[in-house]
Amino acid sequence: MVTKNLLQCDGCGQLASPEHIAKRLERLEWTTRYRPVHIGTLLLGAAAPSEDAEFLYSPDGAFAGEAGAVLAVAGVSASGKAADAVLAEFQRTGFLLTYVMECPLDNENVLQAELSSRIPALVARVRRSMRPKRLVPISGDLQPLTRELQVLDLGCPIVLDGDKPFAIGDAAAAEHLRQALTAASASAR
Ligand SMILES: [Zn+2]
């Protein structure tokens, strides 16, 4: 049996190799280091990126792709700073980035089904552990789940770009999100 060494991964629900589980724990540890005590804005991606360079909390500090877009939305500049200084600043602003599926997904064809299956685990994490002031979906891949997220009791409001997630890879959507967050933090005072 090839499955004998596989364990169910709590980050993605897939049957996974020991290497996969180790990588999941590493990402969790990197993230926990910069988790705010009180989470203001929980940014929600679809699935963790497969490259560490695009994983925001990776200590290599490449801040490539999505990681760079997330920093820009939070108004944090990485220029000329060490990775830990950048991530500490992101943490101080009350932001945390998490994913519906906390591991990369090899097969993009099953993304929607996999994301959907992870919703109950997400709701439990948000309600019991993270308790953010607001949740902001930041991936266009979350569009089909938006209705479902809205009717679930997450314990906090969901901030949307009209009726869609903020696809922050797009400059206009990222700007909309910056404006929405400025308004939200002003009204929270
Ligand atoms: Zn996993």
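Counting starts at 1 for both ligands and their atoms, in listed order.
With sequence neighbours excluded, the residues forming a side-chain contact (heavy atoms from CB on, under 4.5 Å) with Ala82 are Asp84, listed by chain and number.
For the pair Glu29 and Arg33, the salt-bridge criterion is met [side-chain N within less than 4.0 Å of a carboxylate O]. Using a 4.0 Å cut-off between a side-chain N of Lys or Arg and a carboxylate O of Asp or Glu, Arg125 and Glu102 qualify as a salt bridge.
The distance from atom CD1 of Ile39 to atom SG of Cys156, rounded to the nearest 0.5 Å, is 10.0 Å. Between the CG atom of Leu145 and the CG atom of Leu115 there is a distance of 5.5 Å, given to the nearest 0.5 Å.
The aromatic rings of Phe55 and Trp30 are tilted relative to each other, their planes meeting at an angle between 30° and 60°.
Around the Zn ion (ligand 1), the protein N, O or S atoms found under 2.8 Å comprise Cys9 SG, Cys12 SG, His20 NE2, Cys103 SG.
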